[in-house]
*Asks:* 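Below is one structure. I have some questions about it.
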Amino acid sequence: MTTEVAHLVPFDEAVSRYEPVIGLETHVELGTATKMFCGCPTTFGLPPNSAVCPVCLGLPGSLPVANRAAIEYTIRIGLALHCTIASWCRFARKNYFYPDMPKNFQISQYDEPLCTNGWLDVTVGGQSFRVGIERVHLEEDTGKSLHVGGATGRIHGAEYSLVDYNRAGIPLVEVVTKPIPDTGALAAEVARSYVTELRDLLRALDVSDVRMEEGSLRCDVNTSLAPPGAAEWGTRTETKNVNSLRSVERAVRFEIERQAGLLDAGLRVVQETRHFHEDTGTTTSGRSKEEAQDYRYFPEPDLVPVAPPESWVAQIRASLPELPAARRARLQATWGLSAENMTWLSNASALDLVDQTVAAGAAPADASKWWLGELATDANRRGIELADLPITPAQVARVTALVKVGTLNDKLARQVLEAVLAGEGEPDEVVAARGLAVVTDDSELAAAVDAAIAANPDVAAKIRDGKTAAVGALMGAVMRATKGQADAPRVRELILQRLSE
Ligand SMILES: [Zn+2]
């Protein structure tokens, strides 16, 4: 197959010789209580086939009824993305056969989406990009197949397959961007930033729990390359079901490196769907041409058209919450942090946490420092989101307060945070139990200072001669002797005082 290539062109070189164009199709599971066309619950983790009824099982004679909340959520998303909301549109039947789809068709929207022609701004490396939104449409999810007995979990080699229809009929929204040109070397980061910004927007709108790891937000990533100045964009590939922010970035990078390798060798990029592999960061060819589907779309005859009255749309518009970009600007002005710092916070999903830590009394810079530093490192190590760490903003605020009054220095604060994360209790309990407070007791410090001077007579002599820069060596000795718990400025004072006597 010519779609696989032996050599990859390093990313930086590839984007210096070819113009990437990216595009993203994001599927969002809506957080409604019931399914799209029936009253079955959408609760996650129910026993297989316990949340089903004649409608979502596609039994003969059953009729769907559209879920008003799902339509309202879709309009909320459309309005927040500056889209035009259709005054009249229809659902469409997308025909194909698959075991996890009991009706043998999926109800979706085709040429009459509910929301069209919007935009979302993203910032990468201080540069702003306006990503055009082609459409936002509503559809139902399919069921889930489980292939048992094989080594790979795929149908090939499996002994038998099970199907769970609990997911069949769960409302999904698909947000499709227009092609995004002119991103150059920032293409992969723009893709990631767009999905991050969209995720934050959906979370603020309270329409989905947007958990990528549970599949409630997943992306198809389109990538193409063209020689600079070419009249047309290159042939695009579509990498399906990418399910983490990091993978979105890696998928774009890999496709650019792979396609540049093909073009360099004088080969053609084949228009196809591809799969992304988390373990290797590569993509492989998915669906081949002879499997390409003709979905034979037609307007869904069992549903009335969707015609949201203007007054309802206006009411939804008026109820939109403060959106992430506006909130970031407001918080930045209040907190006095740099734009770069604010970008780091939103990319790490730490804005809410810092906001709550500040509300609990911490200085914004301190709250930002701990959440982006020590705590982000720990969350990374555990492979979880910052918000899922076993520590509360109030506990972080308490640690910053203990630093501020001099009970802790940064090194000790780190130990206290580690202990709280390890479940050893509240910060004050940890400080008491571990005896971690900074030693400010002069008599205790004086003994350590005297010992350090006695052990380093040559350093002491230099300081007596006025070379005060040497004081660092003695401070180091005192800090070691007190296991880092001494108050450093006080130690310095005591050493200089002693040696000037
Ligand atoms: Zn049902």
Side-chain angles (χ1 to χ4, degrees), residues 26-78 89-110 112-115 136-148 155 160-175 202 205-211 214-218 241 243 293 295-308 312:
T26 311
H27 301 259
V28 186
E29 183 182 320
L30 294 181
T32 54
T34 56
K35 289 186 181 180
M36 188 61 230
F37 299 112
C38 63
C40 290
T42 55
T43 319
F44 185 78
L46 292 176
N49 298 308
S50 64
V52 292
C53 74
V55 173
C56 54
L57 286 176
L59 299 186
S62 63
L63 283 174
V65 176
N67 180 336
R68 180 188 167 95
I71 292 170
E72 178 177 336
Y73 284 10
T74 309
I75 294 173
R76 278 169 87 80
I77 296 167
C89 65
R90 284 175 298 185
F91 284 100
R93 238 179 230 197
K94 181 180 183 180
N95 297 279
Y96 64 103
F97 171 80
Y98 211 73
D100 63 15
M101 203 172 55
K103 296 197 293 274
N104 288 339
F105 62 84
Q106 179 188 21
I107 303 179
S108 180
Q109 291 195 288
Y110 182 50
E112 300 173 17
L114 187 48
C115 321
V136 180
H137 78 241
L138 193 49
E139 62 187 30
E140 57 176 341
D141 206 353
T142 59
K144 199 177 164 172
S145 305
L146 182 68
H147 306 296
V148 184
I155 194 162
Y160 58 94
S161 297
L162 298 169
V163 193
D164 177 5
Y165 291 120
N166 283 354
R167 291 196 60 86
I170 299 249
L172 290 181
V173 149
E174 190 172 339
V175 181
L202 295 165
L205 292 172
D206 200 20
V207 294
S208 168
D209 66 7
V210 292
R211 286 184 175 272
E214 285 173 13
S216 55
L217 182 74
R218 49 189 196 261
N241 289 329
N243 65 359
Q293 306 280 343
Y295 295 118
R296 291 169 294 123
Y297 282 101
F298 61 84
E300 170 56 57
D302 286 342
L303 284 164
V304 293
V306 178
W312 189 36

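In this text, all values refer to a predicted model and were calculated from it rather than measured experimentally. Values below: every heavy atom of this structure, side chains too, minus hydrogens, waters and symmetry copies. Just follow the structure's listing: the first ligand is 1, and inside any ligand the first atom is 1.
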*Asks:* Taking all non-hydrogen atoms of both residues, which atom of Ile107 and which atom of Phe91 are closest, and how far apart?
*Replies:*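 Nearest pair, atom of Ile107 first, then Phe91: CG2-CB, 3.7 Å.
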
*Asks:* I'd like to verify the contacts: list protein N, O or S atoms under a distance of 2.8 Å from the Zn ion (ligand 1).
*Replies:*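 Short answer, with waters excluded from the count: Cys38 SG, Cys40 SG, Cys53 SG, Cys56 SG.
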
*Asks:* Ring of Phe105, cation from Arg93 - is the NZ or CZ under 6.0 Å from the centre and inside 45° of the axis?
*Replies:* yes

*Asks:* Atom CZ in Phe97, atom NZ in Lys103: separation rounded to 0.5 Å?
*Replies:*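 NZ of Lys103 is found 14.5 Å from CZ of Phe97.
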
*Asks:* Grab the two heavy atoms, one from Gln106 and one from Glu140, that are nearest each other, plus how far apart they are.
*Replies:* NE2-O, 2.7 Å

*Asks:* Given the ring of Tyr297, does Lys94 sit roughly above its face, with NZ or CZ under 6.0 Å from the centre of the six-membered ring and within 45° of the axis?
*Replies:* no

*Asks:* For residues 27-43, which residue pairs pass the side-chain hydrogen bond (donor to acceptor under 3.5 Å, both in side chains) check, not counting sequence neighbours?
*Replies:* His27-Asp220, Glu29-Arg167, Thr34-Asn67

